[in-house]
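For reference, the structure discussed in these notes is given below.
So that the names make sense, note that chain A is the first sequence line, chain B the second, and so on, each numbered from 1.
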Amino acid sequence: MDTQNTSASEKSDFVRDIVAADLREGRIGEVVTRFPPEPNGYLHIGHAKSICLNFGIAAEFSGRCHLRFDDTNPIKEEQEYIDAIMADVRWLGFDWGEHLYYASDYFEQLYEWAVYLIGEGKAYVDDLSADEIREYRGTLTEPGKESPWRTRSAEENLDLFERMRSGEFPDGSRVLRAKIDMASGNINFRDPVMYRILHSTHPRTGDAWCIYPSYDFAHGESDAIEGITHSICTLEFQDHRPLYDWFIANLPVPSTPHQYEFARLNLTHTVLSKRVLLRLVKEGYVRGWDDPRMPTLTGIRRRGFPAEGIRDFAAMIGVARADSVVEIEMLEHAVRNVLNRTALRRFAVLDPLKVVIENYPDDQTEEMDVINNPEDPSAGTRKVPFSRELWIERGDFMEDPPKKFFRLAPGREVRLRSAYFITCNEVVKDAKGRVIELRCTYDPATRGGAAPDERKPKATLHWLSAAHAVPAEVRLYDHLFASPFPGSDGRELFDDLNPDSETVLRDCLVEAALGDAGIGETVQFERLGYFCVDPESASGALVFNRTLTLKDSWAKIRAQITT
RNA sequence: UGGGGCGUAGCCAAGCGGCAAGGCAGGGGACUUUGGCUCCUCGAUCCGUAGGUUCGAAUCCUACCGCCCCAGCCA
């Protein structure tokens with residue numbers, strides 16, 4: 001099958017091919033990669049693809065992978081994000097060991113290299129305003145023009161740059177630029193900004209600096225300092241690669257890293273944009289970064305998606321250079337695949353309907369043995385109490401069933417899982433005609449759920465003893481966005497939010513055994529789906545999140561019938 | 001109209017001159033004390049299009065078409 005067979009050794013993609021060749025042909029002695037998040041938000045499933053790639057390659061080729069925070073813009077970055085990112089990477093199952101770094105660790109070195117470039121006549125302080133710089137840059141089809149400050153002497157540049165550092169100038173008044181080529185077809189070569197003045201407190205360096213290096217000047221140099229061999233990033237940085245190489249070639253850096261780009265992950269029915277995710281949180285569309293509907297790793301975790309499922313998913317989708325949108329069903333498949341193997345089965349009734357077994361003794365209770373996980377015999381069995389009054393799922397009964405409905409109906413016999421066969425004799429309704437109770441009889445000879453005469457009901461239902469069931473709140477989750485491509489075809493992105501992405505059910509009932517399930521624990525409510533204990537859950541006030549439904553062929557049939 | 005990329009089934013993706021892997025989704029069937037799981041089974045005479053090279057091409061060449069990224073003192 002899929003993930004089982006996709007062992008690390010046989011997994012291959014163009015990046016791994018390059019690494020393998022570099023190792024084989026001796027261009028590098030050891031592979032060193034890095035995952036370089038900017039701490040300006042929470043990690044999402046798209047980052048997971050990158051994390052799995054970078055840490056995965058390091059593990060497969062016996063190299064190492066660094067965790068490096070790209071913290072060069074104090075205006076957007078916060079310690080909260082740094083802490084959350086580390087927790088998320090660990091949760092995903094990866095370990096950077098001693099190799100935790102920050103671009104801000106290199107600020108002094110970066111400054112020295114900037115001074116070096118000034119000395120070489122390859123960088124200059126520009127007094128143009130941001131607007132002027134934009135005007136001078138030209139357009140995609142017209143070359144830019146050189147700044148009047150481009151020809152300053154090295155001495156003057158050095159003096160100005162030192163004074164920029166010392167805080168003498170206000171934000172935006174000057175920048176340091178690399179002197180490359182204002183007419184280049186590659187706009188990144190039109191004298192890119194290396195340093196800007198930002199009187200802002202940095203989460204790590206505090207107020208030690210008021211000038212901060214730009215991404216282009218900091219990233220490759222940080223890679224070189226750390227001895228990164230393969231600097232793997234997403235496609236939008238392709239145009240920056242020549243600049244990445246230019247800095248490496250023009251600076252006395254200790255190593256020569258190379259950049260490779262792959263296509264970022266896009267998923268249907270969701271959005272993987274830090275900007276949009278931040279809005280969803282800040283504007284209250286969701287409960288927070290860890291809302292179970294969010295594609296963030298913390299949200300996914302709260303939802304009950306196991307890390308192993310995320311890793312399997314990453315292996316399944318591969319790594320390539322073509323823009324693509326992966327159907328979310330693939331992610332869901334990977335998650336179900338893991339949960340099917342690992343989740344203990346439990347009984348829960350989300351929309352209860354009373355069943356009275358008329359021929360069952362009023363004062364009797366039996367302990368039925370129920371298998372915990374048919375996929376894993378070592379998970380054993382448990383006792384579930386059975387008595388005269390039961391709850392079943394309202395959707396498991398129909399008074400006037402269509403042809404393909406196999407469940408309970410008047411006069412029909414079904415199996416109650418691991419208990420008895422029951423037959424519905426009478427339907428009790430309230431004044432409004434709503435079904436409120438089913439009067440049934442059971443067959444004592446079918447104890448455990450099997451008949452001596454081999455008779456086989458067409459349906460098996462889950463159930464709960466009314467006297468023993470425990471109340472619970474269950475939150476049903478569905479795709480955050482109703483459209484597979486949110487905001488496409490000119491629609492407003494937020495208009496595509498799924499109004500039914502969260503449904504809170506407050507009158508659910510679960511097995512008493514679930515009372516001691518720990519926060520985060522995921523179980524399968526038989527025939528319904530996978531559910532996990534939400535952090536807001538407490539004994540006496542249980543709260544479950546629906547991770548995913550089980551695949552449901554009846555739902556498809558029902559949908560066909562009703563249309 | 002400048003520069004950089006990408007185009008293989010509904011979706012993801014192998015393939016690197018010898019004649020189209022695999023997975024997801026979907027259809028059909030078997031099994032079933034979860035309408036779950038599992039297991040069988042069906043899908044590109046064709047690889048954006050058109051030419052060309054070759055005994056032979058998705059793989060090489062040429063042209064064209066389409067889509068994505070770049071004009072932050074964001075990353």
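- Taking a 6.0 Å sphere around CH2 of A:W554, one finds it holds more than 12 heavy atoms contributed by other residues, nucleotides or ligands.
- With C1' as the reference atom, B:C24 and B:C6 are 22 Å apart, rounded to whole Å.
- Closest to the A:A450 side chain, of the nucleotides B:U38, B:U34, B:U33, is B:U33.
- Side-chain proximity of A:R134 to B:G72, B:G36, B:C73: nearest is B:G72.
- Residue-to-nucleotide contacts include no donor-acceptor pair under 3.5 Å from the side chain of A:N186 to the base of B:G4.
- Of the candidates B:G23, B:U33, B:A25, the closest approach to any side-chain atom of A:K551 belongs to B:A25.
- Comparing B:A71, B:C37, B:G5 against the side chain of A:R137 picks out B:A71 as the nearest.
- Between the side chains of A:D223 and A:Y244, at least one donor-acceptor pair of N or O atoms lies under 3.5 Å.
- In this structure, of B:U33, B:C74, B:C12, it is B:C12 that holds the atom nearest to the side chain of A:M330.
- Nearest nucleotide to the A:A322 side chain, out of B:C74, B:C68, B:C6: B:C6.
- For A:T139, no side-chain nitrogen or oxygen approaches OP1 or OP2 of B:G2 to under 4.0 Å.
- Nearest to the side-chain atoms of A:I187 among the listed nucleotides B:G36, B:C70, B:U33 stands B:C70.
- More than 90° away from 0 lies the glycosidic angle of B:G51, which makes this nucleotide anti.
- Between the side chain of A:E327 and the base of B:G10, a donor-acceptor pair under 3.5 Å is found.
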